Number of protein chains: 2
Amino acid sequence: MRADARRNRALIVDAAAGLFTARGPEVSMEEIAQAAGLGVGTLYRHFPDRRALLEEIAAGALRTLLDAARDHAARPGSRWDALLACVRRGADLPLALTKSLSDGAEAHPELGPLVRGLDAMLEDLAEGAQREGAVRDDITPRQVVGLLSVAVCRPGARPDDALTIVILDGLRTRAASRGVRT
Amino acid sequence: MRADARRNRALIVDAAAGLFTARGPEVSMEEIAQAAGLGVGTLYRHFPDRRALLEEIAAGALRTLLDAARDHAARPGSRWDALLACVRRGADLPLALTKSLSDGAEAHPELGPLVRGLDAMLEDLAEGAQREGAVRDDITPRQVVGLLSVAVCRPGARPDDALTIVILDGLRTRAASRGVRT
DNA sequence: TCCAAGGTGAATCGGAAATTCCGCTTCCAG
DNA sequence: CTGGAAGCGGAATTTCCGATTCACCTTGGA
């Protein structure tokens, strides 16, 4: 593969990941091309269609996050801190893609296992956080993870958003949130 | 106006309001017609175009809610309770429409004043709730209102959603939420 | 220097939703 | 009871908009 082709492929992936992170999956090929400083035709030289591009980017994001999650889960200490660290790591990744690929993502040879693995790992952390008394236990671990992703990984979320702060606080038990706000 | 025409107009408005409340503003004319048990042609006999229909319904919802807000605001007692009651009254109204009409809603002869009036009234209540110590004061009254509308008036929200519960809890001061959960 | 790999973006395709239109049906005033 | 204006239905048409193609131009690098 020619050097410029390799470089352009990277430009496309970066530009697309950035846009997807900031604005969710409803970004047009045209716009991605423009953000990468290339023509649309070039996207199609590298990816047969839109779905292929989305899948590659989603897979990258999931791999990154799954690695981070394994890391944090292995380290001893507060499960809540570990969970929060994971989720924050996801804030600058285009995770909204994963949901939008829903139909067939399960079936996809790489995406399916990644999604399942990540879900399992995060739910474990959430359950641990509840057991250690850091997180309210009147909702399921799955809901805890869902709410965290709304709080932190929603497209356009920033760490000091009112919504982010309020959800994080609302997730804590009253006992746990008595201290400094996280 | 013929009796059946009046009846059908009402069917349209009701069906549309219901769909908009449940699913937000991205509902097709076709689907509204079907929900009303009528043909699309009939929608267009009553409303020149989609926007006209949305505007009428949004105006109705805003009038209803503004009335409710005046009512609750006038009654003495906890501003937080009043605010929560208002917002809950909005839960079964198609408020998402208002935002989607954003461009030009300010200019619209009826919508503009309604939106401004409602905003002012709710922000007042929010500020009152903060002053009485019920709501955390590290966010602005406008943000309080915004978060409440996400919690309660988001399309498809139900009062026992995890997101609803967590946001409502997260909005309270730690002192205020020490009692029974609202 | 040459030319295949690579790039370009206007033109085309496709599908979903809005809007039109005209023949048929239903009210209701006389 | 009727005539005909008011209403209705829904297939056909138009509009919109993003995905995808493709004929032609550039350029890396052997």
Side-chain angles (χ1 to χ4, degrees), chain A residues 1-58 94 96-97 99-105 108 155, chain B residues 1-58 94 96-97 99-105 108 155:
Chain A
M1 189 188 246
R2 242 162 67 174
D4 57 341
R6 190 178 353 274
R7 195 181 328 124
N8 284 339
R9 181 177 229 277
L11 284 178
I12 291 168
V13 169
D14 287 356
L19 284 174
F20 288 139
T21 303
R23 310 229 316 268
E26 322 233 294
V27 178
S28 74
M29 296 298 265
E30 189 66 42
E31 199 174 355
I32 295 170
Q34 176 161 14
L38 301 168
V40 239
T42 306
L43 301 213
Y44 284 91
R45 172 168 300 282
H46 291 284
F47 301 93
D49 56 23
R50 178 189 180 74
R51 161 165 290 259
L53 174 58
L54 298 222
E55 283 176 354
E56 165 143 346
I57 292 179
L97 280 192
K99 269 160 263 164
S100 85
L101 248 24
S102 53
D103 40 333
H108 188 288
Chain B
M1 191 188 249
R2 243 163 66 175
D4 57 341
R6 192 184 343 280
R7 195 181 328 124
N8 285 336
R9 182 177 229 274
L11 284 177
I12 292 167
V13 169
D14 287 355
L19 285 173
F20 287 139
T21 302
R23 310 227 319 266
E26 322 231 296
V27 178
S28 74
M29 295 300 264
E30 190 68 41
E31 198 174 356
I32 294 169
Q34 178 161 13
L38 301 168
V40 239
T42 305
L43 302 213
Y44 285 92
R45 168 168 305 278
H46 290 286
F47 301 93
D49 56 24
R50 178 189 181 74
R51 161 164 291 258
L53 174 58
L54 299 221
E55 283 176 353
E56 165 143 347
I57 291 179
L97 280 192
K99 269 160 262 163
S100 85
L101 249 24
S102 54
D103 40 331
H108 188 287

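Residue numbers start from 1 in every chain, and the chains themselves are labelled A, B, ... in the order their sequence lines are given, proteins ahead of strands. Below, each value reflects all heavy atoms present in this structure, side chains not excepted, and no hydrogens, waters or symmetry copies. The structure presented is a predicted model; accordingly, all values stated were derived computationally and were not measured.
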Please list, chain by chain and in numerical order, all residues satisfying side chain to side chain contact (heavy atoms under 4.5 Å, CB included) with [X], sequence neighbours excluded.
X       : result
B/Arg45 : none
A/Ala10 : none
A/Ala96 : A/Pro25, A/Pro155
B/Thr42 : B/Ile12, B/Leu38, B/His46

What pairs with [X] under salt bridge (charged side-chain N to carboxylate O under 4.0 Å, His left out), at least two apart in sequence or on another chain?
X       : result
B/Asp49 : none
B/Arg6  : none
B/Arg2  : B/Asp4
B/Arg9  : B/Glu56

**Item:** Whole angstrom value for the distance that separates C1' of D/dG9 from CD of B/Gln34
**Value:**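 So the two atoms are 13 Å apart, to the nearest Å.
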**Request:** Could you tell me the separation between the CZ atom of B/Phe47 and the C1' atom of D/dC8, rounded to a whole number of Å?
**Result:**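 My rounded result for the distance is 15 Å.
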**Request:** With a 4.0 angstrom cut-off to heavy atoms of chain B, pull out the first and last contacting nucleotide of DNA chain C, in 5'-to-3' order.
**Result:**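 First-to-last contact on DNA chain C, by the 4.0 Å heavy-atom rule, is C/dA17 to C/dC28.
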**Message:** Once rounded to the nearest 0.5 Å, what's the spacing between atom CD1 of B/Ile32 and atom CZ of B/Phe20?
**Reply:**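 Here the interatomic distance stands at 4.0 Å.
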**Asked** Which pairs count as salt bridge (charged side-chain N to carboxylate O under 4.0 Å, His left out) when at least one residue sits in residues 18-41 of chain B, sequence neighbours excluded?
**Response**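 Passing the test, one end in residues 18-41 of chain B: B/Arg23-B/Glu31.
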**Fill in**
B/S/- along nucleotides 11-25 of chain D (protein heavy atoms under 4.0 Å) is -------SSBB----
**Request:** Can you sort out which residues in residues 2-10 of chain A have a heavy atom within less than 4.0 Å of DNA chain D? Ascending by number, please.
**Result:**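 The answer is A/Arg2, A/Ala3, A/Asp4.
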**Prompt:** Is the distance from OP1 or OP2 of D/dG7 to the nearest side-chain N or O of B/Thr42 less than 4.0 Å?
**Reply:**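 Result: no.
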